[in-house]
Amino acid sequence: MCSIMGYCGGSADLEKFQKGFEETVSRGPDDSRIVDTGNGLLGFHRLAIMGLTPSGMQPFQLGDSYVVCNGEIYGFQKLREQLSDRYSFASDSDCEILLPMYREYGTEMFAMLDAEFACILYDGETKEYIAARDPIGIRPLYYGYDEAGVIVFASEAKNLVGLVERIMPFPPGHYYRNGEFTCFCDIARAEAVCGDDLDTVCRNIHDKLTAGVEKRLVSDAKVGFLLSGGLDSSLVCAIAAKSSDQPIRTFAIGMSEDAIDLKYARQVADFIGSDHQEVIITKEDVLAALEPVVHLLGTYDITTIRASIGMYLVCRAIHQQTDVRVLLTGEVSDELFGYKYTDFAPSPEAFQQEAEKRVRELHMYDVLRADRCISVNSLEARVPFGDLDFVKYVMAIDPEKKVNVYGKGKYLLRKAFAEDGILPEEILWREKAAFSDAVGHSMVDHLKEYAEAYYTDEEFESRRQAYDHARPFTKESLLYRELFEKYYPGQSQMVADFWMPNREWEGCDVNDPSARVLSNYGGSGI
């Protein structure tokens, strides 16, 4: 991960800019630089992953133009080769190709990138700023306007607190230019329904996910894997292990008293022969991490905060105890193939609409969680299920094949790898358990008990009325909201609302986002 920031006008206050930018130095602890473009400021904190030499330091410059990018551009070598007869390159950094590409293709370049990225570019000829973000929003970017009406971009909301009046997430799949946001890729909406038969669908899922994992193994820094023992992370690890000459390094976390995931993660690790490490946490660890986690996340969402505590603590251990700098994770699979609650979808069309909604909102929830928990510990996240080619294909599959008519959620994904033998059968067909629950049911219970004791019923009812947007509806949600407001006062609209099952569906009108409250939870808790 890296951190970028841009003040896009000539009246910049360098001291205020530096103060805001320092909030995310953990995203890029290797080096930092701020340049004056002559019409504003661009800042970059570097975490060296590709092109580890000083020549890979940003901002990159071409003539009077500059760019900063937090990103991973896959297949950049081919793009660089195509440009090499007209441009010289000083580093092995993937992001050095951006300015030459911009000079050749303009803003059309963004749709050409196979990448997880957020970038800010200053065009020295037109004296204008351009910013863009990948179609899923895997790399973060926020914006707001200062008192002078100048737009300011930054990797995280915490960079902008006190600098702008209203902080908003930069829309994924868009670029900004001349005061307007233009969509270059709406990845959630399929142009046409894919007519492939079931066997072809499964074969393509298999091949595209495998390719998505393999391209993310390329790094000049050490790579590791988060392994919960659930289907998604286990598949990523198994594919990587099969593609690697050496044992991969896997990491799992669980509560000391009732961890569900640890035993399954150990089973997968033994099966694929990984170098496996377990992190055990206690009630005290969980409660001590709560406020720091809300601060680093910049959200009040219940699901995100619960799931982030375990992820933050395992990533902290990885940062403190190992030389791993890149982590592959299993995020984005649920939005594509379904959650426990999407088993209640009343029709294939409703399933597809819910998937589109979730993919569009990912950058505010699961993707945000993975980015912040990993980057605050000076690591980089890579998300194979978020591979653009993979996502576009799965979103186009006929929803009648994706909805759960098989008696098993995520059937297509499971069937796609059924013949490979890269996972034990009981893992491949294991019932889904949400990460926060599977770290240990006691973790969520401790958080709820803490919140229940924190407020009387009267205090809860009175204090929650202070919020019109996303009004807290449980004591736990009020606790999280008040912690959020401590660090991001008045900025609740950075997040659309609470991540919850679709209350309009029968069986989903619940007051807790945990799958444990659903009637089909069943074997998920075993």
Side-chain angles (χ1 to χ4, degrees), residues 1-2 4 6 28 30-31 33 35 37-38 42-135 138-139 141 173 175-177 184-185 208 211-223 243 325-326 380 382 384 386-390 392:
M1 288 298 172
C2 299
I4 62 175
D30 295 336
D31 200 357
R33 183 182 298 166
V35 298
T37 66
L42 287 177
F44 185 74
H45 293 311
R46 185 187 189 196
L47 178 66
I49 300 297
M50 297 296 293
L52 303 183
T53 63
S55 61
M57 182 58 185
Q58 300 183 38
F60 288 116
Q61 183 176 2
L62 183 62
D64 293 328
S65 298
Y66 298 86
V67 70
V68 288
C69 180
N70 170 25
E72 206 63 54
I73 301 171
Y74 302 107
F76 76 95
Q77 298 91 340
K78 183 177 179 181
L79 293 169
R80 187 171 62 184
E81 186 177 322
Q82 294 169 354
L83 296 162
S84 60
D85 62 334
R86 286 152 287 167
Y87 302 93
S88 58
F89 295 89
S91 75
D92 292 324
S93 171
D94 50 336
C95 294
E96 193 181 0
I97 67 169
L98 292 176
L99 285 173
M101 286 191 70
Y102 173 72
R103 185 167 287 184
E104 293 293 315
Y105 308 110
T107 53
E108 292 182 7
M109 66 180 275
F110 299 121
M112 300 167 60
L113 296 176
D114 179 11
E116 303 159 356
F117 75 95
C119 70
I120 311 165
L121 185 151
Y122 176 67
D123 186 328
E125 294 184 4
T126 63
K127 310 300 182 186
E128 64 182 340
Y129 282 89
I130 296 157
R133 190 180 186 188
D134 69 73
I138 289 174
R139 296 304 169 97
L141 194 62
Y175 67 82
Y176 166 91
R177 187 175 199 173
F184 66 86
C185 178
K208 291 177 183 294
V213 172
E214 290 177 345
K215 73 172 68 169
R216 285 163 175 79
L217 300 178
V218 179
S219 171
D220 294 330
K222 297 291 180 65
V223 177
S243 303
R325 302 292 290 274
V326 178
E380 173 171 295
R382 293 187 181 176
D387 184 78
L388 300 183
D389 183 52
F390 182 77
K392 287 176 183 176

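Closest approach of Asp94 and Gly71 over heavy atoms only: OD2-O, 3.7 Å. Of all heavy-atom pairs spanning Gly6 and Leu42, the tightest one is CA-CD2, 3.9 Å. For the pair Val223 and Ser219, the tightest heavy-atom approach, listed with the atom from each and the gap, is CG2-CB, 3.8 Å. Of all heavy-atom pairs spanning Val67 and Cys119, the tightest one is CG2-CB, 4.4 Å. Arg216 and Arg382 make their closest contact through O-NH1, 2.9 Å (heavy atoms, listed as atom of the first residue, atom of the second, distance). The two atoms that bring Phe76 and Asp92 nearest to each other are CZ-O, 3.5 Å, heavy atoms only.
Between the CZ atom in Phe44 and the SG atom in Cys2 there is a gap of 3.5 Å [rounded to 0.5 Å]. Annotation: the span from Leu121 atom CG to Tyr176 atom OH amounts to 13.5 Å, rounded to 0.5 Å.
Put simply, the side chain of Leu79 reaches to within 4.5 Å of the side chain of Met101, judged on heavy atoms. You'll find the side chain of Ile130 stays beyond 4.5 Å of the side chain of Tyr122, heavy atoms only. Considering only heavy atoms from C-beta on, His45 stays 4.5 Å or farther from Asn70 through its side chain. Looking at heavy atoms from C-beta onward, Lys392 lies in side-chain contact with Cys185 at the 4.5 angstrom threshold.
Salt bridge status for Asp134 with Arg139: absent, with no side-chain N to carboxylate O gap under 4.0 Å. A salt bridge between Asp220 and Arg325 is absent, with no side-chain N of the basic residue lying under 4.0 Å from a carboxylate O of the acidic one.
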After noting the C-alpha distance and the side-chain angles of Leu141 and Ile4, does the key distance pass the side chain to side chain contact (heavy atoms under 4.5 Å, CB included) rule?
CA-CA 8 Å; Leu141 194 62; Ile4 62 175; 4.1 Å; yes
Side chain to side chain contact (heavy atoms under 4.5 Å, CB included) for Arg177 and Thr107? Distances and angles first, verdict last.
CA-CA 9 Å; Arg177 187 175 199 173; Thr107 53; 3.5 Å; yes
Check the pair Leu113, Leu98 against side chain to side chain contact (heavy atoms under 4.5 Å, CB included), reporting the backbone distance first and the verdict last.
CA-CA 10 Å; Leu113 296 176; Leu98 292 176; 4.1 Å; yes
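Of the possible donor and acceptor atoms, one in the side chain of Glu96 sits under 3.5 Å from a partner among the backbone N and O of Ala90.
Relative ring orientation between Phe110 and Phe184 is described as tilted, the plane-to-plane angle lying within the 30° to 60° band.
Cation-pi geometry between Arg133 and Phe117 is not met at under 6.0 angstrom from the ring centre and within 45 degrees of the axis.
No hydrogens or angles considered: nothing links the side chains of Asp123 and Tyr129 as a donor-acceptor pair under 3.5 Å.
Applying the salt bridge (Lys or Arg N to Asp or Glu O under 4.0 Å) rule to pairs touching residues 100-115 yields Arg86-Glu104, Asp114-Lys215, sequence neighbours excluded.
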Under 3.5 Å, which donor-acceptor pairs link side chains of residues 57-65 to any protein atom two or more places apart or in another chain?
from, atom 1, to, atom 2, distance (Å)
Gln58, OE1, Cys69, N, 2.6
Gln58, NE2, Cys69, O, 3.1
Gln61, NE2, Gly63, O, 2.9
Gln61, NE2, Tyr66, OH, 3.2
Ser65, OG, Gly124, N, 2.9

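Checked against side-chain hydrogen bond (donor to acceptor under 3.5 Å, both in side chains), Glu214 has the following partners two or more places apart in sequence or in another chain: Ser243.
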